[in-house]
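Labels below follow one simple rule: chain letters A, B, ... track the order of the sequence lines, proteins then strands, and each chain is numbered from 1. In this text, all values refer to a predicted model and were calculated from it rather than measured experimentally.
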2 protein chains.
Amino acid sequence: MGIDDFRLARFLPYRLAVLSERISRRLSAIYGAEAGLSVAEWRVMVHLARCREVSVREIHNCVNLDKSRVSRAVTRLETAGLVQKTGSPTDQRLLAISLSPEGWHLLDRIVPPTVDYEARLLAALSDADCAALDTIIEKLHRVLDADPEARPRSVLDLPQPPDAGDASAPNDATIDRTP
Amino acid sequence: MGIDDFRLARFLPYRLAVLSERISRRLSAIYGAEAGLSVAEWRVMVHLARCREVSVREIHNCVNLDKSRVSRAVTRLETAGLVQKTGSPTDQRLLAISLSPEGWHLLDRIVPPTVDYEARLLAALSDADCAALDTIIEKLHRVLDADPEARPRSVLDLPQPPDAGDASAPNDATIDRTP
DNA sequence: TGCAGTTTGTTGCATTTGCAACGATATCGT
DNA sequence: ACGATATCGTTGCAAATGCAACAAACTGCA
């Protein structure tokens with residue numbers, strides 16, 4: 001079997017990339033049409049909706065975006081009036097970023113159709129498929145987790161324990177005490 | 001259920017993007033270390049290995065890369081001596097792009113470890129998982145196929161019919177007579 | 001034949017990206 | 001208390017990207 005038997009179309013990393021990008025592009029047509037949100041901005045805003053007031057680093061740790069990408073996304077969002085940047089009183093380095101009222105309104109309009117589209121995708125899958133997909137994604141991640149050469153996984157992307165004692169606060173991020 | 005119940009970490013498009021990017025980055029460390037290949041260049045070369053002599057458009061149609069991205073990738077590869085650009089004799093617009101001997105040598109060194117890594121990923125999956133994954137990917141693609149707003153799928157990314165009458169030529173691309 | 005319309009590959013341009021370096025602040029160790 | 005170290009967010013820069021415009025080459029139909 002020579003090199004030329006290699007089939008891109010059967011190559012798992014390629015297949016995932018293609019599917020993922022196709023979905024991403026379709027989605028960004030949804031939340032990009034309303035406001036001109038990029039993927040980065042979308043992730044930041046959605047994360048803020050859950051975590052209310054977080055720093056750049058926390059966003060960076062949670063939503064798989066480069067530090068500078070988050071920084072720039074936040075700047076753009078602030079200029080657009082969708083987000084507020086306040087300096088933390090306790091730590092002068094930190095930034096307290098939160099959604100503005102306009103930001104919330106925008107999310108109100110943008111999240112539902114986005115979720116609908118996800119539902120449309122999921123509707124094509126059986127319950128067994130969905131379960132299998134969870135398993136598969138997790139298994140693949142674990143291979144990468146075990147590989148020192150691979151980029152580590154964000155905390156929030158770890159499988160969530162089935163939510164034992166809910167503390168009424170959506171603090172997925174507070175787990176973040178690694179250093 | 002408010003907007004703030006939305007969980008990025010459970011959002012399928014996000015999860016696919018994260019997994020896919022993690023894998024891609026790890027992989028490009030493999031074929032990027034040997035030569036400085038980018039994803040685009042990698043896809044182009046691998047495609048050339050199968051199809052021998054193709055035009056920019058064909059590559060573009062087959063490996064999910066923008067026309068200009070292919071064009072530039074080919075230019076870089078040519079400069080690096082990995083690829084040859086010859087004008088087609090029959091159609092002066094077309095370019096006949098093919099791997100140079102050096103290109104083949106590079107692939108010899110690069111494809112095996114890449115395939116090994118894929119194997120490492122697949123090893124984490126059971127046979128049932130693999131089958132399920134195939135199904136799932138295909139089902140999700142079909143949702144997008146049915147969606148006029150979504151970018152169409154490349155011909156080569158369609159599921160391959162189990163290869164009825166093999167014409168001894170690896171012409172995945174020849175199916176391409178859509179216009 | 002001749003001319004409108006298409007196709008092919010490249011390029012200009014504005015934007016995005018990742019990485020590293022940086023200044024500012026905080027923390028730790030002694 | 002003070003200097004070495006670490007952390008936070010921003011920015012410079014070079015490379016990559018997507019889109020549209022483009023020239024050159026082909027096609028088709030009158």
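- When distances are taken from the side chain of B:S68 to each of D:dC19, C:dT6, D:dT10, the shortest belongs to D:dC19.
- Look at NE2 on A:H60: it is 11 Å from C1' on D:dG9, rounded to the nearest Å.
- Going from atom CZ of B:R93 over to atom C1' of C:dT7 covers 5 Å, rounded to whole Å.
- Across all strands shown, B:S55 has heavy atoms under 4.0 Å from sugar-phosphate atoms exclusively, and none from any base.
- Under 4.0 Å is where a charged nitrogen must lie from a carboxylate oxygen, and between B:D4 and A:R50 no such pair does.
- We find that CG of B:L94 is positioned 9 Å from P of D:dC26, with the value rounded to whole Å.
- Distances shown here put a side-chain N or O of A:R25 below 4.0 Å from the OP1 or OP2 atom of D:dG18.
- Note on B:T90: only backbone sugar-phosphate atoms sit closer than 4.0 angstrom, heavy atoms only; bases stay farther off.
- Going from atom CG of B:L37 over to atom P of D:dA15 covers 17 Å, rounded to whole Å.
- As a whole-Å value, the separation of B:K67 NZ from D:dG18 C1' is 12 Å.
- Taking atom CG of A:D66 as the reference point, atom C1' of C:dA20 lies 11 Å away to the nearest angstrom.
- Salt bridge absent: B:D147 and B:R142 never bring a charged side-chain N and a carboxylate O closer than 4.0 Å.
- Aromatic ring pairs are classed by plane angle as parallel below 30°, tilted from 30° to 60° and perpendicular above 60°; the pair B:W42 and B:Y31 is parallel.
- Between A:R151 and C:dC19, a side-chain N or O to OP1/OP2 separation shorter than 4.0 Å is present.
- Between A:K85 and the phosphate of D:dT10, there is a side-chain N or O to OP1/OP2 separation shorter than 4.0 Å.
- Proximity of A:S71 to the phosphate of D:dT10: a side-chain N or O atom is located under 4.0 Å from OP1 or OP2.
- Distances shorter than 4.0 Å separate none of the side-chain N or O atoms of B:R57 from OP1 or OP2 on C:dT7.
- Summarising the local packing, CG of A:D127 is surrounded by 12 or fewer heavy atoms from other residues, nucleotides or ligands at distances under 6.0 Å.
- As a whole-Å value, the separation of B:R72 CZ from C:dG9 C1' is 11 Å.
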Trace of the salt bridge (charged side-chain N to carboxylate O under 4.0 Å, His left out) decision for B:E138 with A:R15: CA-CA 10 Å; B:E138 183 54 25; A:R15 295 208 290 157; over 6 Å; no
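- Nearest-nucleotide positions on DNA chain D place A:A96 closer to the 5' end than the other of A:A96 and A:E21.
- Between the P atom of D:dA25 and the CD atom of B:Q92 lies a distance of 7 Å, rounded to the nearest Å.
- Distances shorter than 4.0 Å separate some side-chain N or O of B:R69 from OP1 or OP2 on D:dT17.
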